[in-house]
There are 2 protein chains.
Amino acid sequence: MTVTIKDVAKKAGVSPSTVSRVLSGHPRISLETSRKVKVIMEEMGYTPNMMAKSLVSKTTNSICIILPKPAEELFSNLFFMELIRGIVTQSSRSGYDVLISSGANEKEELESVSRLLKGRRVDGVILLYSRKDDAVIDFLESGGYPFVLVGRSDRYENILSVDNDNIMAAYDATNHLISMGHERIGFVSGPPNLIVSRDRLEGYRKAMEKNGLEMRAEWIVEGEFLQDSGYRAMSFFMNLPNRPTALVAVDDMVSFGVLRGLNELKYKVPEDLAIVSFNNIPLSELSSPPISSIDIGIYHLGYTASQVLIQSIQKPDNHDGYTNRFVIPHRLIVRESSMYSPVKK
Amino acid sequence: MTVTIKDVAKKAGVSPSTVSRVLSGHPRISLETSRKVKVIMEEMGYTPNMMAKSLVSKTTNSICIILPKPAEELFSNLFFMELIRGIVTQSSRSGYDVLISSGANEKEELESVSRLLKGRRVDGVILLYSRKDDAVIDFLESGGYPFVLVGRSDRYENILSVDNDNIMAAYDATNHLISMGHERIGFVSGPPNLIVSRDRLEGYRKAMEKNGLEMRAEWIVEGEFLQDSGYRAMSFFMNLPNRPTALVAVDDMVSFGVLRGLNELKYKVPEDLAIVSFNNIPLSELSSPPISSIDIGIYHLGYTASQVLIQSIQKPDNHDGYTNRFVIPHRLIVRESSMYSPVKK
DNA sequence: CCTCCTTATGGAACCGTTTGCTTTACTCTG
DNA sequence: CAGAGTAAAGCAAACGGTTCCATAAGGAGG
């Protein structure tokens, strides 16, 4: 049988309350008793029952990650795994356990979250996406449950969120190309309904504008976060009369598509087309040539999300109402794909 | 305040026990009462408190995944994420929640597992690795806790595990090359202390032997599950006087390295060297040329692990002592990298 | 020397469920 | 019509902790 607090108490010749107090470091316990009890706990191999603890304390010391449903793609998987690592590491340091949940659809997701939170199985939630409207967010907000969003939502202004400054990141990426001497720079964007696509596009625009460079509509192509989009964008760009000498792609996968296409057509990177993209997945440095990429600090994103959430769980009142958006720094990793200055005409 | 079973009972004019029985579908509750109570539960937005439930039932309806510590590599991340998806999906179908845990080192891992299991926070554990000796496994076994291993351990014969038949998989891969007409086939192995490396090597051996093909020691190279190993193996093979016309690589990443090397030296795949590898990561079909690979059904591996574990939790006695190793089928995905029959001399 | 604190501990209620044992009120049977 | 049998629901004791309140012992102050 499992050894309980009562067993320890009996053996130590004290009351259960005393044992409990020893456990929680209560000030009014004599050193002598404390030592004695601790020895006996060790001897008997006592481990506190978390359920009983949770029942009375109304706190579980665990949080929950909501995993989006489909996310079959390569990057999503890498992204989520890295994020999870960050979350789990930090949570574990703060003494929290992490639960993973996902549902086949939004309704299931909502049910699951509701069950976990109302059923007092977790203390808070990390949401790993930024959909535009969201029943789950509504539920969390109206229920007053602690949660943080990884990503950004423009509909909900004052909720806790952890994100990159994608506008700035794209600005930096574009600027890097400009500083290498490029003037005709293309942009391969992602789905326009994603905030990240829009932000990165805006950053590109800003950089071009700031530097007084021409911006042609035909230099901006919309796509997915997939190789194919890159492949298609590439062939479109390369057939343009006055084609770009460089491009910024919203995602490394897109770059791979571009690379593959250019390779087939015997173009050279970065001489014929310089490339910078985002996310810096492990493969970026392994392709030929290695791709310059903006590292968005995924692990750090997760780590911070956990920190923010747990903080908000422990002192819900501490929220100042201002700093609810946490920005994780990005950094540009320059590799071969952009190490070339075009010859000026 | 949260609404409890007592609140519902009071409002419905019945006793808490009756409400509880309605909840669990007890046979001796009249239809009338049952309906009435259900309506009131709905009205009041009642959600059972899992902690209280767990406390009395001594069961948590949740399992825990132990994530290995470093696993910085690309494949590991893809592998784990896919596995987690499988586990989470199946667990959720069985009404179980999934906890993720990891520790910085084996000691921390053990502490964590011990706390979770002895503290009654989870009912069972899925181990995602197959180290040779393992304090965690020892703890789980001696404590009689339900757990399953993803992977194979040869030291522990009678524990539940879910795995591929890597010997057969390698046999199939090799056989495929043989049936295409190859006779000189190389093998790039992984670290020799990993069971998966040894199994795959053995499968290769078996296939060669069975077909009466010559096996030269120089055709077998040891490496890591990394591009670099492939790159090095490639240059070694290609410099051999009577070089292989095909090779089997333990991992797709290795193939990528081989591919990169061959590309640099202007060799053609599959004409100069045909390639088959393992794991069928999403990138395999995107490289040029796409790589033939053995799909090991990672998602399925996770799905089954969860199934087996939950089964073992629910009826621990049902274990027949024979079928404790569950084998997930693999399948060969033939792509361009092996679609070529060498010209016989 | 008695009262009043202070300090260390014990007692008991409670957290929200489940469940074995009763109790109650019928219905059936001989 | 009495006794047995049965269906439906209630009572109360757990489950393993925490914590408020009470208590006992010892020391200080008057």
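Here is the naming used below: chain letters follow the sequence lines, and residue numbers restart at 1 for every chain.
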Taking atom C1' of C:dT7 as reference, at what distance in whole Å does atom CD of A:E32 sit?
-> 14 Å
Would you please confirm or rule out a distance under 4.0 Å between OP1 or OP2 of D:dA7 and any side-chain N or O of B:R28?
-> yes
Separation of atom NZ in B:K118 from atom C1' in D:dG17, rounded to whole Å = 17 Å
From the options B:V125, B:N324, B:I137, select the one residue that forms a side-chain contact (heavy atoms from CB on, under 4.5 Å) with B:L149.
-> B:I137
Looking only at atom types and distance, does a side-chain atom of B:T89 sit under 3.5 Å from a main-chain N or O of B:R85, one as donor and one as acceptor?
-> yes
Measure from CG on B:L31 to P on D:dA9 and round the result to the nearest Å.
-> 10 Å
Do you see a donor-acceptor pair shorter than 3.5 Å between the side chains of B:S20 and B:S17?
-> no
Using whole Å, report how far CE of A:M50 lies from P of D:dT18.
-> 10 Å
Main-chain N/O of B:Y96 paired with B:S94 side-chain donor or acceptor, under 3.5 Å = no
Which part of the nucleic acid, if any, lies within contact of A:G13, taking any heavy atom under 4.0 Å across all strands shown: a base, the sugar-phosphate backbone alone, or nothing?
-> sugar-phosphate
Euclidean distance, atom CD1 of residue A:I29 to atom P of D:dT18 [Å, nearest integer] | 12 Å
Basic-acidic side-chain contact under 4.0 Å: A:E111, A:R115 = no
Under 3.5 Å, is there a donor-acceptor pair between the side chain of B:N61 and the main chain of B:G95?
-> yes
Starting at the 5' end of nucleotides 15-25 of chain C, put B wherever the base has a protein heavy atom under 4.0 Å, S where only the sugar-phosphate does, and a dash everywhere else.
-> BBBBBB-----
